Amino acid sequence: MLWHHVGLMSQDLDTAGLAKAYEPISVEEKWYQAWIDGKCFAGDPSSEKDGYSIVIPPPNVTGILHLGHVLNNTIQDVLARRARMQGKEVMWLPGTDHAGIATQTKVERELKKATGESRRDMGREAFLKKVWDWKDEHGGIIIKQLKRLGCSCDWDRERFTMDEDYTHWVSHTFSDLFKKGMIYRGKRMVNWCPVSLTALSDEEVIMKPQQSTLYFMKYEFVDAPGEYLEISTTRPETLMGDVAVAVNPKDERFTKAIGRKVRRPFPEAEIPVIADDHVDVEFGTGALKITPAHDKADFEIGVRHDLEVIDCLTADGKINCEDVPELHGLDRFAARKIAAQMLEDKGLLIRAEDYANNVGFSERADVPIEPRISMQWFLRYPEVERTAAAVESNEITFRPERWSKTFAHWMSNIQDWCISRQLWWGHQIPVWYRKDKSTELQNAESLDLADMQSGDIHVGTEPPADAENWVRDEDVLDTWFSSWLWPFATMAKQGEESDLLKKFYPTTDLVTGPDILFFWVARMIMAGYSERDELPFKNVFFTSLIRDGKGRKMSKSLGNSPDPIEIMDKYGSDGLRFTLMRIAPLGGDIRFVSKEEEGELVCPQVEEGRNFANKIYNACRFRQMSGGETTGELDVSALKPYHINLLAKLDALEVNLDKAYADYKFNEVCNLLYEFLWNEFCDLFLEAVKGDLKDTAADADRQATLMVFDTVMSRYFLLLHPFMPHLTEELSLRMGYISEGEFVMQTQLPKDSVLAGYDPTEAQKVAQSIYDAAGRLRNVKAEYNVATRRDVTFIAKTSVDYLEAESPVLCQLAGAGEIQIDPNYEAPKGTPVAVTSVGEMYMPLAGLIDVEAEKARLDKEIEKNALELKKSTNKLSNEKFVANAKPEVVQVERDRLAEWEAKASQLAEMRAALDA
RNA sequence: GCUCGGUUAGCUCAGUGGUAGAGCAUUGCAUUGACAUUGCAAGGGUCAGAGGUUCAAAUCCUCUACCGAGCACCA
């Protein structure tokens, strides 16, 4: 094997000229460039291999990387890299989302700050140009950051939801669904954002608990002055829109009121008392004022009773009621207080109570939304039943599985989707109105397929031929109306059966957060069935939610979201990747601890990941300081038990990894990798074979150990690669496991096990009994406070044949000076003993221990042992246990009992000896 | 209100019926030659509570409490 020095970039070099610690930054940068130059990420649609594909959940084009992205994309990268190494042709398709409201709001805000202009001052065309400029300037940031993380996306195929091809798909889908009668336009009650000045879908409204005031007021009966009907409301400012008061028909208190009229105080009007089942008898006074224009439920009641709709708010949430000059033009919240005051002045306010209720907030602008009647486009969701069934039957699997229940619940209560937005940044609705009828059409109560068939409107991907006679609908589509096409719209132009689609669609895995289950995942399945007649992906993996050290959601406003780039610069992207994957359980949340110490960002969990990288690096450094090239083939039959044990453990590791991967348990994969390297490889194996690498060692021993080291480490790097791609490339090259120009990421995982055909049982028994014995000897030493002495002699009362040969290793591991073997040894009473799997090992006390302290310790020990002994005895004297438990379980218990008994007599002897 | 999670060491969490585990933190000890980003050890648990099933429960069932999420909401 070739042999290179590991890392030469540090100031802190040891005598061999090797850096003492792994320094990730330059290594990571170098390898990412090498992968790009080597075109390692390209997915080839003409490949013979099986296809494997993932589409990235497109981040907002102006977004900045946060830890959620890091987790999400690391999982995808792990899946992609693993699939490549398993011989699949992998396509990980990246891109970004135009993120309608988010981006437009951001640019508008910047514009306001810079020039004081609003988008309306500029006009649509000029504003859109500004947004495109902004996108070009800031759009690349998150992509660069993903590259820093090591993501193996096929960057040549990067897509954007407003690319020309993509836009064509959006228009096509709209017109397709319109022609199927699934899309219609109508005046409906929608969620209106008074800040963004657009309609929102139900999913974009976040219910938040609020501390409000419930006002109790009274309306006077018209036919009985001095007699009042008491009403409670949280929104007195919409009083001008009241057109009725409703009571429950079953409510006997109000039976006599129904059908009569009460006086609305301002602007003064007579409004009827009506009966409707919707009214809750228990709530407030039991009488509900009806404001159809400003409440969804009231609107429905209004429809049932054919009531007038009086809109008394402007689009931006100000009062619009010239008849009440005190309120006209005021903001809705300011007006609320004035309206209450006006009621009080008129003697109509009874009292005001503090009241906790839920108010819908706009997801983006974070202000209370306003239920508002407006003209919007709606979609009746297509393929609802097929979509629900696909998840129900596990044709599409959800992980964790429980999300499928949430999904089913949502699917069964699905409402039409309001898809139009009163924004400029986005896909303009592909509907044109005949110019001469445009006003009439745009104000029509409803529009649907029939209007297209009559030739009044044009719906399609292209404008009508005589475009000058037509006016295009001004609205744009909800961002998700483009995102829901992502799995296939990224792969081909509309109407084209590309190689890419053939090879890579449907995609294999989708990795995303559960927060966009309805926004995105559900809709993609529906779009897949509707537009491609096929499901868009086979597996959905929902990532954990990342919280801060205090369990709070990470958010910009809390400032508790550390910058992943800063973390990577400090600990390396491999360290961060490994850490996150190791602490993210399937389904649960993650707590990510970060703190500021002396002006520096400290992430203790990531330190572990960084330390792990360093541990591996140093194991390799040790290898290189201990010898160079090896020659010849590995001859398993000539190896020591420690070698064979390690090889067997590697084989077991590969089997266990396969299992964990099959369940998408990445944290388990990481733990297996971590434990193997740190415990099995470094703490046990390397310590056991250290003697073989000393200058004085025999050349054959050195060669064997080096060869096993290289065999195991080179394979281990393949297994670790998906999590720590940069480190594994670097060390594999430096160690000569791959040659210049080769890549670990393109190396196939070996199909055969290392020990194929060789039975390691006997060798493993030897190695493991020595490891076990070493641990027990160390325990005894520690108990007697001689842990640090390396000159302790043990006397082994045993006839185990291999002990003599292995005793140097045992000494090395246990920190013992010498192990004498004497099967007939008669220990003086009270000599401490370790009962090991290679026999009893006595540690004669050189009279150096503190007798009183030892007595106390022994007494404690005796008590503890007696308790265990009693537990075991009780269990075994239980006939039902012996009869019903599995034989091996009973046997384990018997062995245990024997152990307690032996120990009890030993302890008693030792105690007695001390007394003497 | 409905539906799903969760509650295990000081902290973060593993643990699908058979001796309660890991990492971090704490404490003690160690250091010339892989690694102080290290090694060896120690202390630390009524597995949220109550009941049930079982020879045996952290684990299965029921209820309760608290925490979290989603959905629906009463003005």
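This one's a predicted model, so the numbers in the text were calculated from it and none came from an experiment.
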Under-3.5 Å donor-acceptor pair between A:N358 side chain and B:C73 base = yes

How would you label the contact of [X] with the nucleic acid (heavy atoms, under 4.0 Å): base, sugar-phosphate, or nothing?
X	answer
A:E608	sugar-phosphate
A:K690	base
A:Y355	sugar-phosphate
A:D295	nothing

Within residues 673-681 of chain A, the residues having a heavy atom closer than 4.0 Å to RNA chain B are A:W678

Aromatic ring proximity A:W410/A:F518, centre distance under 6.0 Å | yes

What distance, rounded to whole Å, do you find between the two P atoms, one in B:G21 and one in B:A41?
-> 16 Å

B:C40 versus B:C4 - spacing of their P atoms, nearest Å | 46 Å

Got a list of protein N/O to nucleotides 4-9 of chain B N/O distances below 3.5 Å?
| unit_1 | atom_1 | unit_2 | atom_2 | d |
| --- | --- | --- | --- | --- |
| B:C4 | OP1 | A:K405 | NZ | 3.3 |

Could you give the CG-to-P distance, from A:L731 to B:C35, as a whole number of Å?
-> 16 Å

Report all interatomic pairs (protein N or O, nucleotide N or O of nucleotides 57-59 of chain B) with separations under 3.5 Å.
none

On a heavy-atom basis, the closest approach of A:I583 and A:R591 is CD1-O, 4.3 Å

Indicate yes or no for a side-chain donor-acceptor contact from A:E204 to the backbone of A:S201 under 3.5 Å, with no hydrogens or angles considered.
-> yes

